[in-house]
Amino acid sequence: MLFVSSLFPRLQVLPCVALGSSVRVFTAPGYVIAVLYNGILLRPNQAPPFLSCSIVGNLINLNFSIESGDNIYALCVA
Amino acid sequence: MPTAPGVTLTANLASIIGETEGGGYLRITLCGSGPVIPVVAGTCVLEDATIPQYVGPQVGSTPIQAILFGNDVITPGPNTTFYEIAVLDSNKDVIQAGLYQFLNSAGAVDLSSATPYIGPYGFYLPLLAYLACSGAFPGTVYVAPGPVIAIAYNGELLPRGLAFPILSYTLAPDQVTATLNFNTEAGDQVDALCI
């Protein structure tokens, strides 16, 4: 039987928050496994023109600027 | 207001042949803090996190005791860190180890009754990663860097085991080789959510 406790970190897809007024740097609610841009998973550490990101813990740096209406989510442990 | 360590962990070491072992130890290590200095916010910086701490030896039938902070009051957290607790014999040879998480409000915890922590996923969650697969473009066969949870085609997760025209894939028994039911094109990307 699989027991999932609400006390312990869970794998979730959660919205990220822009750092200050940045359109490239975001923080996730927990340790980031993968980043989603408008629902599409981003392969990390690629150079432009590929849309990509670098991840350090819960900090996400995009290699592009998002636009109004875009969303950044993270598959994270939170 | 400073937070006091609230877990009093006790362990009574005994022989498999029903005698009190005597002379054994517990080795307790705080793990899972990653690249962050673990702290109890507003109280202290944990100076010996990730360094094994030895408690013992057990004298006669008097249980070994250790006072710990609960993982819910340790940052990074709450409940990101965990303790590795190993049982050692009188020669300090490791007999067995397990992982545990405690709430700071738990008070007295008997190790013989504590539930081991393996996470709800059966593996250490930070091992999960989203990584590129290797393979030719155009092509159909791609190899992930580790056991596959899911395959993504140009960033979109694919369902597994469905028939064309639904874009899908099958996974080989080795758990790392995926065969798509369609041909990719030059410039496409195939990635895996894998362990």
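Sequence lines set the chain letters: A, B, ... in the order given, protein chains first and strands last, and positions in each chain run from 1.
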Under 4.5 Å from a heavy atom of chain B, the part of A/Phe50 involved: side chain
Structural part of A/Leu75 lying under 4.5 Å from a heavy atom of chain B: side chain
Need one label for [X]: side chain, backbone, both or neither, based on atoms under 4.5 Å from any heavy atom in chain A.
{"X": "B/Ala132", "answer": "both"}
{"X": "B/Asp72", "answer": "neither"}
{"X": "B/Leu193", "answer": "side chain"}

Judged by modelled atom types alone, do B/Asn181 and B/Ser168 share a side-chain donor-acceptor pair under 3.5 Å?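 No, because no side-chain N or O of B/Asn181 sits under 3.5 Å from a partner of the opposite role on B/Ser168.
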Supply the atom-to-atom distance B/Cys194 SG to B/Leu128 CG, rounded to the nearest 0.5 angstrom.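 Nearest 0.5 Å value for the SG-CG distance: 7.5 Å.
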Closest heavy-atom contact between B/Ile64 and B/Gln58?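 It is CG1-CB, 3.7 Å.
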Does the ring center of B/Phe82 lie less than 6.0 Å from the ring center of B/Phe102? no
Using 30° and 60° as the class boundaries, would you call the ring planes of B/Phe137 and B/Tyr142 parallel, tilted or perpendicular?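 Plane angle between 30° and 60°, so tilted.
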